[in-house]
**Q** 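Before I ask anything, here is the structure I am working with.
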2 protein chains.
Amino acid sequence: MATQTLPDTVPPAQAANPSFSPLYRQIKGLIKRSLQLGEWKPGELIPSETDLARRFGVSQGTVRKAVDELAVEGLLLRRQGRGTFVSTHHEERVKFRFLRLVSDDDPSTPQPMERRFLECKRTRATQDVARALGIKQGESVTQIRRLLLLAGTPVVYEEIALPGAAFRALTAERLESYRGPLYALFESEFATRMVRAEEKLRAVNAAAQEAQLLQVPAGQALLLVERLSFSYGELPAEYRRGLYNTQHHHYRNELS
Amino acid sequence: MATQTLPDTVPPAQAANPSFSPLYRQIKGLIKRSLQLGEWKPGELIPSETDLARRFGVSQGTVRKAVDELAVEGLLLRRQGRGTFVSTHHEERVKFRFLRLVSDDDPSTPQPMERRFLECKRTRATQDVARALGIKQGESVTQIRRLLLLAGTPVVYEEIALPGAAFRALTAERLESYRGPLYALFESEFATRMVRAEEKLRAVNAAAQEAQLLQVPAGQALLLVERLSFSYGELPAEYRRGLYNTQHHHYRNELS
DNA sequence: GAGTGGTCTAGACCACTCC
DNA sequence: GAGTGGTCTAGACCACTCA
């Protein structure tokens, strides 16, 4: 056994053709798992590339490629000279990553909007909500209704549904008192970080009640934005239905 | 002078702090320039990484990083075992990259829509169009008006403005006879490849004429999609105003 | 089997941040 | 100055495509 020159110090690391997964993708999976299990929390510094390479028994370049992809996906944030951090919604940089509504006049500088919470209650999942969140109809959900206003004028009305037990402690008072984005609150106090979201956009005519909330005539065209947000591990963690008054704002998007 | 050991065979390649640009980004710029100048046309195979590395006098790894970024941006397309190709709109893969409208019933498989061209004429840029395209008001533009239909029902009405002389030869007949995406036609016959686009979305109430075209009641909420498309070198190359009937379709978007 | 992109490694050095 | 991520290189080997 001791006569071999390089027996298995450098294992080929790859198997046959089908379902072949490169090393860096496996490392990526391990890092994701650590994020999901909470080994490193949002905002925290993760180990350096050198440390991770040692820990996983691979070269720094392989770790680097894994971290690169996670940074592109928005789960990690690299900062030269400082280290790699777990992404968080507590950051100026990312404040408007999920709200794509910008003013027609000045699309470059998004203003922070005033929030007015109308309701926060426990209720049962309707069929729509249940299907979106992947739970059973009638299961417990937390529902929030709120307005976003700019210069005193309501611009967005939203109904937000959060699944199950995790958000049972959420109250209207806490929502009112919290400074910072909703997703930052969810992250800090309810151990739920929203990682990505899918949106469906439609134009609808305002019903009487919606019209009143947004102070527009009934029948006014509104942008309906249905959002399904996912936490770590592709777990559906929020279903949101927003009505945007787009008379002086628009939803911006980039295609490439 | 001849006594130095390694005078400038391997130049440090980097200067002082401010405005430092790594080698691979410079290579990226050179490749972009070749694309813009038409050295490699859409759909064509570009030289192998080894060849490019030789040509630019850098290592293959550096070329690789440049090509990687261009592939992410959608300008190049890598295919293992075959080579790297210039992206083109002539491809099944990319057919629906720019049209984000999908059916409510079956969002996974987008159906090709029937196209009906209403008009294709030379006209003068209005103030809006001129500002969008970065030209002077009153300059010549080509305007297309068309409908997209699904199962005989109009779903999208679009007005498309194309700048200047490049599209002077475009006719309604050519539009009618061409099989394939509009952007593929522009690419093949008008030397204009759309690389990326910015969209502004709004909900509007249908005016009488629009309502008639889309066969909906006047006042019906429609999704207004303003799109500004850019060709190589961030050149504004198309301004498009689309009205989508979103009663049975929605605009899908992904946030991350 | 030749050629391509894809992975993995090891090592050197640079830019940046913080102490 | 120490530690981090960022760049660049050189070389080996793998997966894939095509002739």
**Q** Verify the distance criterion only: is there a donor paired with an acceptor across the side chains of B:H249 and B:D104 at less than 3.5 Å?
**A**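 B:D104 and B:H249 do not have a side-chain donor-acceptor pair below 3.5 Å.
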
**Q** What is the distance, rounded to the nearest whole Å, between atom CG of B:L77 and atom C1' of C:dT4?
**A** 14 Å

**Q** Working note: B:R174 + B:E189, criterion salt bridge (charged side-chain N to carboxylate O under 4.0 Å, His left out); need CA distance, chi angles, decisive distance, verdict.
**A** CA-CA 10 Å; B:R174 191 68 194 99; B:E189 304 188 7; 2.6 Å; yes

**Q** For A:T84, answer base if it contacts any base atom (sugar-phosphate contacts may also be present), sugar-phosphate if it contacts only those atoms, and nothing otherwise; contact means non-hydrogen atoms under 4.0 Å.
**A** sugar-phosphate

**Q** When you look at A:I46 and A:L52, which way does the side chain to side chain contact (heavy atoms under 4.5 Å, CB included) test go after all the steps?
**A** CA-CA 9 Å; A:I46 75 168; A:L52 289 174; 4.0 Å; yes

**Q** Under the salt bridge (charged side-chain N to carboxylate O under 4.0 Å, His left out) rule, what do B:R54 and B:D51 come out as? Steps first, then yes or no, please.
**A** CA-CA 5 Å; B:R54 229 186 331 260; B:D51 288 349; 2.7 Å; yes

**Q** Could you pull out the closest heavy-atom pair between B:M113 and B:L101, with the gap in Å?
**A** CE-CD2, 4.4 Å

**Q** Give me the one residue out of A:K28, A:R64, A:K32 that meets salt bridge (Lys or Arg N to Asp or Glu O under 4.0 Å) with A:E69.
**A**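 Testing each of A:K28, A:R64, A:K32 against A:E69, the sole residue satisfying salt bridge (Lys or Arg N to Asp or Glu O under 4.0 Å) is A:K28.
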
**Q** Could you pull out all residues at least two apart from B:F98 that satisfy ring pair (Phe, Tyr, Trp, His ring centres under 6.0 Å)?
**A**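 Only B:H89, B:Y183 meet the ring pair (Phe, Tyr, Trp, His ring centres under 6.0 Å) criterion with B:F98.
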
**Q** How close or far is atom C1' of C:dG5 from atom CD1 of B:I46, stated in whole angstroms?
**A**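 Value for this atom pair: 11 Å.
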
**Q** Using the 3.5 Å cut-off, write out each protein N or O paired with an N or O of nucleotides 17-19 of chain D and the distance between them.
**A**
unit_1, atom_1, unit_2, atom_2, d
D:dC18, OP1, B:R82, NE, 3.2

**Q** Take A:R193 and A:L35, measure what side chain to side chain contact (heavy atoms under 4.5 Å, CB included) needs, and give me the verdict at the end.
**A** CA-CA 10 Å; A:R193 168 167 163 79; A:L35 290 171; over 6 Å; no

**Q** Considering non-hydrogen atoms only, spot the tightest contact between B:S256 and A:R196 and give its length.
**A** CB-CB, 4.1 Å

**Q** Just by distance, do the side chain of B:E238 and the backbone of B:F230 share a donor-acceptor pair under 3.5 Å?
**A**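 It does not hold such a pair.
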
**Q** I'd like to know if the side chain of B:S177 and the backbone of B:E173 have a donor-acceptor N/O pair within less than 3.5 Å.
**A**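 The answer is yes, because a donor-acceptor pair under 3.5 Å joins these two groups.
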
**Q** Looking at C:dT9, D:dA15, D:dT9, which one has an atom nearest to any side-chain atom of A:L23?
**A** C:dT9

**Q** Partners of A:F190 by ring pair (Phe, Tyr, Trp, His ring centres under 6.0 Å), sequence neighbours excluded?
**A**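 Ring pair (Phe, Tyr, Trp, His ring centres under 6.0 Å) check on A:F190 returns A:F167.
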
**Q** Between residues 31-41 of chain A and DNA chain C, which residues have a heavy-atom gap below 4.0 Å?
**A**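 The stretch gives none, as no residue of it lies under 4.0 Å from the strand.
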
**Q** Report the distance from atom CZ of B:F20 to atom C1' of C:dC16, rounded to the nearest whole Å.
**A**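 Checked: the CZ to C1' distance equals 11 Å.
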
**Q** Could you go through the salt bridge (charged side-chain N to carboxylate O under 4.0 Å, His left out) check for A:E158 and A:R146 one step at a time?
**A** CA-CA 5 Å; A:E158 284 181 319; A:R146 71 164 182 178; 2.9 Å; yes

**Q** Quickly work out the A:R54 CZ to C:dT9 C1' distance and round it to whole Å.
**A**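 Atom CZ in A:R54 sits about 16 Å away from atom C1' in C:dT9.
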
**Q** Can you figure out which of C:dA10, C:dA15, D:dT4 approaches the side chain of A:S59 most closely?
**A** C:dA10

**Q** Starting at atom CZ of A:F85, determine the distance to atom C1' of C:dC16, rounded to an integer number of angstrom.
**A** 13 Å

**Q** Let me know the distance between OH of A:Y24 and P of C:dT9, rounded to the nearest Å.
**A**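 Those two atoms, OH and P, are 13 Å apart.
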
**Q** Consider only side-chain N and O atoms of A:N253 and B:Y251, and report whether a donor and an acceptor are under 3.5 Å apart.
**A**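 Judged by distance alone, the side chains do pair up.
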
**Q** Treating a pair as Watson-Crick (purine N1 to pyrimidine N3 plus N6-O4 or O6-N4) or G-U wobble (N1-O2 and O6-N3) with both distances under 3.5 Å, list the stems of 3 or more consecutive pairs that involve DNA chain D.
**A** C:1-18 with D:1-18

**Q** Over how many whole Å does the gap from B:R79 atom CZ to C:dG6 atom P extend?
**A**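 Going from B:R79 (CZ) to C:dG6 (P), I get 12 Å.
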
**Q** Strictly below 4.0 Å, heavy-atom distances to any atom of DNA chain C: list the hits from residues 62-72 of chain A, or just say none.
**A**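 Under 4.0 Å from DNA chain C: A:T62, A:K65.
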
**Q** Measure from CD on A:Q60 to C1' on C:dC8 and round the result to the nearest Å.
**A** 13 Å

